[in-house]
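One structure is given here, and the rest of the page talks about it.
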Amino acid sequence: KARLCVLLGVFVGVLPGLATAAMSVHFIDVGQGGAVLIQKDGKTIMYDCGDTFAGKTVVDYLDALDVKTVNFMVISHAHKDHMGGCIDVLKKFPVKRIYHNGSSAGTGTWKQFLKLAKKAQSVEVVERDTTVEGLQILVAYDSKGRRYNKEANNSVLLRVVDGKVRLLLTGDCEVPCEMEVSKESDVSADILNVGHHGSKAASGPEFLKKVKPTVAIIQAG
């Protein structure tokens, strides 16, 4: 984990404008899954937390950084390898605001997460593109007025800009999701969290042309 963060720091350090940026991004090693911690403007933002088996890893990582409160928790979608570990995070840390896609998934893990999410100060189901305190929360299903049959394409994306450094986190968003999101939203980014763990079903060429990343991170087992 330490090597990953140092390596990312080296890559990000060569991006133009970093000297004026005050954002730290941690891609946490959770094995097969996704978990990203962002520290920006004195706030802690958690985007996914890995699978249930990775919960302790994420909690220990936050403890090592002396995190006391999670200001924003953005859940990409209801797949266990993205939100399972958030159960442990919710048990350990006060979480102020939670954003998720309002999935109708009936799994025990998702139901447990939703129950614990009630501890947060506020919980918002993302129905359309939303910007809150500099966080751009993007979805593919807003312009269609319906959800995709495949939960991966209901992923909530997160775009964060700090100075000239742009970050895009995509959950399991696959090509149909990518095409829809990029129709009306700016998805350009210097740092891209590659969709669906590098799956061939994601990262379509048209989407990548619009993102134009300098650094691509794949979180996979």
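Linking Ile, Leu, Val, Met, Phe, Trp and Tyr residues whenever their side-chain heavy atoms come within less than 4.5 Å leaves Val161 and Val165 in two separate clusters. In the hydrophobic clustering of this structure, Ile218 does not group with Ile191; members are Ile, Leu, Val, Met, Phe, Trp, Tyr whose side-chain heavy atoms approach within less than 4.5 Å, directly or through other members. Both Leu157 and Val211 are members of a single hydrophobic cluster when ILVMFWY side chains are connected at heavy-atom separations under 4.5 Å. Using a 4.5 Å cut-off between side-chain heavy atoms of Ile, Leu, Val, Met, Phe, Trp and Tyr, with links allowed through other members, Ile75 and Tyr61 fall into the same hydrophobic cluster. No continuous path of ILVMFWY side-chain contacts below 4.5 Å connects Val74 to Val194, so the two sit in separate hydrophobic clusters.
Here Gln136 contributes atom CD and Asp129 contributes atom CG; the two are 9.0 Å apart, rounded to the nearest 0.5 Å. Asn101 contributes atom CG, which lies 12.0 Å from atom CD1 of Ile137 (distance to the nearest 0.5 angstrom). In this structure, CD1 on Ile87 lies 5.5 Å from OG1 on Thr109, to the nearest 0.5 angstrom. To the nearest 0.5 Å, atom OG1 of residue Thr130 and atom OH of residue Tyr99 are 7.5 Å apart.
Phe53 and Val30 get closest at one heavy-atom pair: CE1-O, 3.5 Å. Here the closest heavy-atom approach between residue Ser155 and residue Gly171 is recorded as OG-C, 4.1 Å. Summarising the geometry of Asn153 relative to Cys173, their closest heavy-atom pair is OD1-C, 4.3 Å, with the distance given to 0.1 Å. Counting all heavy atoms, side chain and backbone alike, Ala120 lies closest to Ile98 at CB-CD1, 3.7 Å. Between Val58 and Ala35, the shortest heavy-atom contact is CG2-CB, 4.4 Å. When all heavy atoms are compared, the tightest approach of Ala54 to Cys49 is CB-O, 4.3 Å.
For Tyr47, the ring pair (Phe, Tyr, Trp, His ring centres under 6.0 Å) criterion is met by no residue, not counting sequence neighbours. For Val59, the side-chain contact (heavy atoms from CB on, under 4.5 Å) test picks out Asp63, Asp88, Val89, Lys92, Phe93, with sequence neighbours left out.
Between Lys200 and Glu174 there is no salt bridge, since none of the side-chain N atoms of the basic residue sits less than 4.0 Å from a carboxylate O of the acidic one. Between Asp186 and Arg159 a salt bridge is recorded (basic side-chain N to carboxylate O distance below 4.0 Å).
In this structure the side chain of Asp48 never reaches within 4.5 angstrom of the side chain of Gln219, judged on heavy atoms. Considering only heavy atoms from C-beta on, Leu114 comes within 4.5 Å of His100 through its side chain. The shortest distance between side-chain heavy atoms of Lys43 and Lys96 does not fall below 4.5 Å. Looking at heavy atoms from C-beta onward, Leu135 lies in side-chain contact with Phe72 at the 4.5 angstrom threshold. Put simply, the side chain of Leu65 does not reach to within 4.5 Å of the side chain of Thr44, judged on heavy atoms. For the pair Lys210 and Glu178, the minimum side-chain heavy-atom distance is 4.5 Å or more. Residues Glu151 and Asn154 are in side-chain contact: their nearest non-hydrogen atoms beyond the backbone lie under 4.5 Å apart. Under the 4.5 Å side-chain criterion, counting only non-hydrogen atoms from C-beta, Thr170 is in contact with Leu192.
Side chain of Asp162 to main chain of Ala22: a donor-acceptor pair is present (N/O by atom type, distance under 3.5 Å, no hydrogens or angles). With hydrogens and angles ignored, the 3.5 Å screen pairs no side-chain donor or acceptor of Glu180 with any backbone N or O of Tyr141. In this structure, Ser185 contributes its side chain and Val187 its backbone to no donor-acceptor pair below 3.5 Å. Side-chain N or O atoms of Asp51 include none that pairs as donor or acceptor with a backbone N or O of Gly84 at under 3.5 Å. With hydrogens and angles disregarded, a donor-acceptor distance shorter than 3.5 Å links the side chain of Gln32 to the backbone of Gly221. Side-chain atoms of Lys119 come within 3.5 Å of backbone atoms of Leu90 as a donor-acceptor pair (strictly under, hydrogens ignored).
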- Message: For Ile38 and Leu169: C-alpha separation, side-chain torsions, deciding distance, then whether side chain to side chain contact (heavy atoms under 4.5 Å, CB included) applies.
- Response: CA-CA 11 Å; Ile38 304 166; Leu169 308 176; 4.0 Å; yes

- Item | side chain to side chain donor-acceptor pair (under 3.5 Å) evaluation trace for Ser103 with Arg147 | CA-CA 9 Å; Ser103 175; Arg147 302 301 173 100; over 6 Å; no

- Task: Tell me, with the steps shown, if Glu124 and Val132 meet side chain to side chain contact (heavy atoms under 4.5 Å, CB included).
- Result: CA-CA 12 Å; Glu124 181 173 331; Val132 52; over 6 Å; no

- Verdict with reasoning, Leu62 to Met46, per side chain to side chain contact (heavy atoms under 4.5 Å, CB included): CA-CA 10 Å; Leu62 296 180; Met46 197 80 223; 4.2 Å; yes

- Query: Is there a side chain to side chain contact (heavy atoms under 4.5 Å, CB included) between Ile217 and Val25 once you walk through the steps?
  - Reply: CA-CA 11 Å; Ile217 305 293; Val25 182; over 6 Å; no

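Taking the six-membered ring for Trp and thresholds of 30 and 60 degrees, Phe113 and Trp110 have nearly parallel ring planes, at less than 30 degrees apart.
Partner Val181 forms a side-chain contact (heavy atoms from CB on, under 4.5 Å) with one of Leu138, Val139, Leu168 and no other, that one being Leu138.
Counting only residues at least two apart or on different chains, the ring-ring contact (aromatic ring centres under 6.0 Å, His included) pairs with a member in residues 187-214 are His82-His197.
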